[in-house]
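Notes for the one structure printed next.
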Number of protein chains: 2
Amino acid sequence: MNEQLQPLKKPVRANKAGRSGTQDDIVYAHIFEAILEQRLAPGTKLSEEALGEIFGVSRTIIRRALSRLAHESVVLLRPNRGAVVASPSVEEARQVFFSRRMVERAITELAVQHATAEQLSELRQMVREERDSFSRGDRGAGIRLSGEFHLKLAEAAGNAPLVSFQRSLVSQTSLIIAQYESGNRSHCSYDEHMQLIDAIEAGDAQQAVSLMMHHMDHIDSKLNLDEESASDDLHAVFSHLLKKPKAAAKG
Amino acid sequence: MNEQLQPLKKPVRANKAGRSGTQDDIVYAHIFEAILEQRLAPGTKLSEEALGEIFGVSRTIIRRALSRLAHESVVLLRPNRGAVVASPSVEEARQVFFSRRMVERAITELAVQHATAEQLSELRQMVREERDSFSRGDRGAGIRLSGEFHLKLAEAAGNAPLVSFQRSLVSQTSLIIAQYESGNRSHCSYDEHMQLIDAIEAGDAQQAVSLMMHHMDHIDSKLNLDEESASDDLHAVFSHLLKKPKAAAKG
DNA sequence: TTTGCATTCTTTGTACACAAACGCATAATC
DNA sequence: GATTATGCGTTTGTGTACAAAGAATGCAAA
């Protein structure tokens, strides 16, 4: 029942090689991934004690992971009232998308100049995995990989502050998709991703930026940020006010 | 005895209820301000116990404040080796300035559209205080207010992710100025700030952006990022390799 | 039935104690 | 004499106990 995460029970202290070693990194990554894959719905309460129980660590570690997520606006940390998965409003969603367009444009231009052959190869590999995930029906993994693609592209641009900002924006975008995605859920982003890499590899900055902007348009068009009228949406809109957690189903 | 945190000895304002915000907010703000005003030099070690002693709180609070500062790349958190004030390299400085140009451009355009009369009035007040600080020789407060001006302008733009990013960039810029400012230290930024507000208030986006870009150029030109030859700079360059914290090596 | 208040109970906030890791210094060996 | 091994001291990392702040619930009164 409460032992789904057995592998984590043991103290994972392989810190010499620096392979995502510390415990709070692991906890952070797991919660982050759960949100990215939409296994944790917006508004879900994240109890420190419960998470500590699940991951087999004390509240200290959980608290640090939540703090980090809060700094990326992925969870909301309310004083004396605990943490919940953030529920971006329509206005917040618009702001995130505005910033993303700005950042993606800069990243694309920089990537054309700085991306190495190895990085482009890794990007292609990620797109293949993304495509495979969607084709075998694993939508959660697909969305996560799609986000990681944009993060990886930021790394290829070679600008550390942009990478940090992009991480935050990608996470929030995933939340927004979880909250506002319309019926048409055909995530064909991998095709656009591949074309984008082609343009970058060809050194065609203008074409690459154009493709990226269209890609942003497509993501945007899949959301219904304009309406927000149906009862379901109302529920989502007010979820940050609800006391009761959505009780995320454990896989 | 190695008292590395001498500069902080003075503000022992360990009031528990007086100031706004929680304790870790107060600690964060004080350290942040000390760095912004360059009372804490890059490379200075930030001992948890010493800071706890100074502020009259436990290491838990200090740790959280340092974690927050680390997330903004203002301090560097080395595992098992404590925190130091970050020492941006020339390359990191270039990346920060690239991002700042991008963000400031967007902020300026948005501010022309969204800034309210009240916000512009507050901005003017900040510029006046900045000018007064410089004119009475308080260079530290002047630099801090100059940074806060850019942060306030970001808030006037009305885009939350941009504000968050800008906060990180402004802090890092201050660090960079502390590390790389050339002999010509005439910070006449307040004049440019005032012209900028005029253009924004007039609704002249093109002029406002142009002024902002020139302002960025001026800040950039005051630094000697190209040379990095003096012994002081060499020291900064290798500070991340040094085991021993060279506290207060600033001349 | 509904509303206001008080008590209780759960959850978070803070401090502290203990354990582990790192750096430095000393010493021993080649 | 130089270099490496080892022990010690200091600093950080983690767990846990206790305190405080909300939230929920029950009771009483309108």
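These numbers come from a predicted model, not from an experiment. Chain letters run A, B, ... following the sequence lines, proteins first, then strands; residues in each count from 1.
- Close to dT12(D), at under 4.0 Å from its OP1 or OP2, lies a side-chain N or O of K45(B).
- Taken to the nearest 0.5 Å, the CG atom of L77(B) stands 6.5 Å off from the CG atom of L66(B).
- If you check the side chains of S67(B) and R64(A), you find no donor sitting under 3.5 Å from an acceptor.
- E49(B) has its CD atom 14 Å from the P atom of dA15(C), to the nearest Å.
- Of the N and O atoms on the side chains of Q172(A) and S168(A), at least one donor lies less than 3.5 Å from an acceptor on the other residue.
- Separating the CG atom of L77(A) from the P atom of dT12(C) is a distance of 10 Å, rounded to the nearest angstrom.
- In the model, E72(A) has a side-chain atom that pairs as donor or acceptor with a side-chain atom of Y28(A) under 3.5 Å.
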Could you give me the CA-CA distance, side-chain angles and deciding distance for I62(B) and F55(B), then say whether side chain to side chain contact (heavy atoms under 4.5 Å, CB included) is met? CA-CA 9 Å; I62(B) 302 296; F55(B) 289 104; 4.2 Å; yes

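- Atom CD of E48(B) and atom P of dT10(D) are 17 Å apart (whole Å).
- Distance F55(B) CZ to dT14(C) C1': 17 Å, rounded to the nearest Å.
- The interatomic distance linking R78(A) (CZ) with dT11(C) (P) rounds to 13 Å, in whole Å.
- For the salt bridge (charged side-chain N to carboxylate O under 4.0 Å, His left out) with K152(B), the qualifying choice from E130(B), E118(B), E122(B) is E122(B), the only one to do so.
- Heavy-atom distances under 4.0 Å link DNA chain C to R59(A), R63(A) of residues 58-71 of chain A, given in residue order.
- The nearest whole Å value for the distance from the CG atom in N80(B) to the P atom in dA21(C) is 8 Å.
- Proximity note for R81(A) (side chain, C-beta onward) versus dG22(D), dT11(C), dC22(C): the nearest is dG22(D).
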